[in-house]
There are 2 protein chains.
Amino acid sequence: MSLTSEPRLDHRRTLTLRDVSEASGVSEMTVSRVLRNRGDVSHSTRDRVLSAAKALGYVPNKIAGGLASQRVNLIAVIIPSLSNMVFPEVLTGISEVLDDTGLQPVVGVTNYSPEREERVLYEMLSWRPSGVIMAGLEHSDPARAMMRNAGIPIVEIMDVDGEAVDSVVGISHIRAGQMMAQAILASGYRKIGFLGTQMPHDHRARKRLQGFTAALQVAGLEVQDREYYEGSSALLKGREMTQAILARRPDLDFLYYSNDMIGAGGLLHCLGAGIDVPERLGLAGFNGVELLDGLPRRLATMDTCRLEIGRRAAEIISGKTADGKTSGLRIELSPRLDPGETIRAPR
Amino acid sequence: MSLTSEPRLDHRRTLTLRDVSEASGVSEMTVSRVLRNRGDVSHSTRDRVLSAAKALGYVPNKIAGGLASQRVNLIAVIIPSLSNMVFPEVLTGISEVLDDTGLQPVVGVTNYSPEREERVLYEMLSWRPSGVIMAGLEHSDPARAMMRNAGIPIVEIMDVDGEAVDSVVGISHIRAGQMMAQAILASGYRKIGFLGTQMPHDHRARKRLQGFTAALQVAGLEVQDREYYEGSSALLKGREMTQAILARRPDLDFLYYSNDMIGAGGLLHCLGAGIDVPERLGLAGFNGVELLDGLPRRLATMDTCRLEIGRRAAEIISGKTADGKTSGLRIELSPRLDPGETIRAPR
DNA sequence: CTTTCGGCCGTTAGCGGTAACATAGCCGAA
DNA sequence: TTCGGCTATGTTACCGCTAACGGCCGAAAG
């Protein structure tokens, strides 16, 4: 029952274009035009509308707008995890590019579960996004079908070893594994152990190992011992695993880790245990996580172009490619091997 | 012009309820009921509709649904950064709780910029979410106004030192700083240095320092020297900063870091430089990042209840509180100090 | 002076669903 | 038999916004 009062707004129904149109004395359509910066509106009208909207505290309703225009400025980005440090970096690349396109990334997380991936994809598609960026190439059949039928650009990222639904941007993890194996062999290491995630979930780690063992095989060698773990990777896990594998096989002369985090834990363990790295024992991780620069010794690793992958994927989605194409692209980037200080010089 | 052909779907207009209704011989309304599991539908009809929907590959349109029902199952979650490790953990807590409520978190990232925060909030509100979870208590006036007028539950998280728009869940960073200072003093350290982010951006770090210095002052002491940095925190940064501050003030006997990551870098530097930790020099970080367990020495730190904060916030938003209230709540959690192995025993 | 044209703004008809109500059977109780 | 009540389904009227088109008006062109 307040007569004048401060900005009421309390528990009134939410504002619509009509409120702004009444407050500024023009039609809803004109208000819509002003707020979207589309079509011709005189300067004076524009100002009137804008100030009315601000005064009321009007926030457009994209639900209604999207339905009417059949267009939504969302890009679905589906990744396995956020706690991996790898994916936030991809997201950064995506955001960088999308920021000045009016497109907005919306992130879904699958926790490496195919069922969850399917659900998340379904949820996201039900918002009718303008594009999908999806990590990996391995998906359930229904998920593939949804992507194929969505009628929007799809970009699968991180990995190029397999068949893409539409476009793909990534590196070959098989080749990455091969490259690392060759570098290790070139430095004269021969008794090699592997430490990593339980394979079934992480397809890219699996492919790395596959390329790795294949390259060893060419040299007539094989992985001597393996140590698996589940759950998230942390320094402590790397320490424990390293201790365990070395207890079993003290004769190993190289340890290949499936990621930098556990590799760093292993490095700390070895240094603490007085093991001569890299002469007596070489170490290598994967990913090139710069967060870990600053370790007592720089861990050998392989950069995976995460920022670049994010950027290129976003460019495809937003049509910023050379010829404006938004589908059927295939971009393979080349990972760069950084020998750090935990692989001895080639001999 | 294919006559029979495989699932056509190629470049046809996207499917609607009508398509499913025609394919299954019932009204659109009935299809809607089946797909939403709402209202009575006979078993046989349900099956028919479901199989028709699956066969066609129908994906509901939440844009239309949301407009019609005036309800949307989205929760806006607005945080400063994803590369901080702290926020993904909060997200985990949120997801855990939201997972079985039908509500879905949508994440927006502000990069610690108030302008960006305002934009992101505006964007999110324009999708008419059912709630907002927002990091921190410091926001621009327009942002506050938007939240106040949105007519939905708002939960500000992480920090309780200040005035909330609606509900708040977090810890007192002022008290956290005090607690750490008291622990440090109790162990007999007297010449204390601080290393952290440039304050203006990170309000919580600022409040910690504020509480910290206040507690020192009570003991007639003050922070002897400070070392600031900008950009993201990493081990290397921690090393460099530690080296710099110790070069200036080799007499310091304690270093308080604004987060665990740079603290860990500092620890590695000190160990490498042969400094006696914690006797000659004590160290402490902040956050209790478990990722870093496994360092040569466990860094003193303070757990910030991130998972719990996420959970409680989500519970408020989803009405899972004791009395079902969704607004006006205030929950202050107590951070736990972990002295690790870088503070010597109290004397 | 009429015609044309472009700038500015309004009107109309949906977009694809759902709330609310109406309806048609069917059953059992009065 | 009648009638209330229940179940299973259909009908209608929007939700808030925008595409498409149309109208008006003043200025430039014929």
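For the numbers below, each heavy atom of this structure counts, side chains included, while hydrogens, waters and symmetry mates do not. Chain letters run A, B, ... following the sequence lines, proteins first, then strands; residues in each count from 1.
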Participant: Could you give the CE-to-P distance, from Met29(B) to dC21(C), as a whole number of Å?
Facilitator: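 Nearest whole value for this atom pair: 13 Å.
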Participant: Which residue lies toward the 5' end of DNA chain C, Arg36(B) or Ser44(A), if each is placed at its nearest nucleotide?
Facilitator: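 Of the two residues, Ser44(A) wins.
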Participant: Would a distance-only check, ignoring hydrogens and angles, find a side-chain to backbone donor-acceptor pair under 3.5 Å from Ser51(A) to Asp47(A)?
Facilitator: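 Such a contact is found between Ser51(A) side chain and Asp47(A) backbone.
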Participant: With no hydrogens and no angle check, is any side-chain donor or acceptor of Asn111(B) less than 3.5 Å from a backbone partner on Ser113(B)?
Facilitator: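 A pair under 3.5 Å: no.
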Participant: At less than 4.0 Å, is any side-chain N or O atom of Ser42(B) found next to OP1 or OP2 of dT9(D)? Yes or no.
Facilitator: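 It does, given that an N or O in the side chain of Ser42(B) lies less than 4.0 Å from OP1 or OP2 of dT9(D).
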Participant: Taking Ser167(B) for its side chain and Gly328(B) for its backbone only, find out whether a donor-acceptor pair lies under 3.5 Å.
Facilitator: yes
Participant: Return no unless some side-chain N or O of Thr45(A) is found under 4.0 Å from OP1 or OP2 of dC9(C).
Facilitator: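 Checking dC9(C) against Thr45(A), a side-chain N or O does come within under 4.0 Å of OP1 or OP2.
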Participant: Over how many whole Å does the gap from Arg46(A) atom CZ to dC8(C) atom P extend?
Facilitator: 10 Å
Participant: Looking at Thr30(A), does any N or O in its side chain come under 4.0 Å of the phosphate oxygens OP1/OP2 on dG10(C)?
Facilitator: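 Affirmative; the distance criterion is met.
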Participant: Under 4.0 Å, heavy atoms only, any strand: does Arg71(B) hit a base, just the sugar-phosphate, or nothing?
Facilitator: sugar-phosphate
Participant: Using salt bridge (charged side-chain N to carboxylate O under 4.0 Å, His left out), reason through Glu22(B) and Arg18(B) one step at a time and then give a plain yes or no.
Facilitator: CA-CA 6 Å; Glu22(B) 284 171 357; Arg18(B) 152 152 272 117; 3.5 Å; yes
Participant: Take the protein atom NZ of Lys62(B) and the nucleotide atom C1' of dC15(D), then report the distance between them rounded to whole Å.
Facilitator: 18 Å
Participant: Without decimals, in angstroms, what is the distance between Glu22(B) CD and dG16(C) C1'?
Facilitator: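 It works out to 14 Å between those atoms.
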Participant: Considering heavy-atom distances to DNA chain D, does Gln70(B) or Gly39(B) have its closest nucleotide positioned more toward the 5' end?
Facilitator: Gly39(B)
Participant: It should be established whether Tyr58(B) places a side-chain nitrogen or oxygen under 4.0 Å from OP1 or OP2 of nucleotide dG17(C).
Facilitator: yes
Participant: Would you mind reading off the distance between Leu17(A) atom CG and dG16(D) atom C1', rounded to a whole angstrom?
Facilitator: 7 Å
Participant: So Asn61(A), base contact, sugar-phosphate only, or nothing? Heavy-atom distance under 4.0 Å.
Facilitator: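 Sugar-phosphate contact only - Asn61(A) comes under 4.0 Å of backbone atoms but never of a base.
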Participant: What's the separation between atom CG in Asp166(B) and atom CG in Leu329(B), rounded to the nearest 0.5 Å?
Facilitator: 8.0 Å
Participant: Within this structure, what is the CD1-to-C1' distance between Ile63(B) and dC15(C), rounded to whole angstrom?
Facilitator: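 For the pair Ile63(B) CD1 and dC15(C) C1', the rounded distance is 10 Å.
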Participant: Once you apply a heavy-atom cut-off of 4.0 Å, does Arg33(B) come out as touching a base, just sugar-phosphate, or nothing?
Facilitator: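 Here Arg33(B) touches the bases of the nucleic acid.
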Participant: Round to a whole Å and report the spacing from CZ of Arg128(A) to P of dG16(C).
Facilitator: 9 Å
Participant: Look at Ser27(B) and dG10(D) and indicate whether a side-chain polar atom (N or O) is within less than 4.0 Å of OP1 or OP2.
Facilitator: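 Checking dG10(D) against Ser27(B), a side-chain N or O does come within under 4.0 Å of OP1 or OP2.
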Participant: Check the distance between dG17(C)'s P and Arg38(B)'s CZ and give it to me in whole angstrom.
Facilitator: 16 Å
Participant: Which residue, Arg48(B) or Leu67(B), contacts DNA chain D at a nucleotide closer to its 5' end, judged by nearest heavy atom?
Facilitator: Arg48(B)
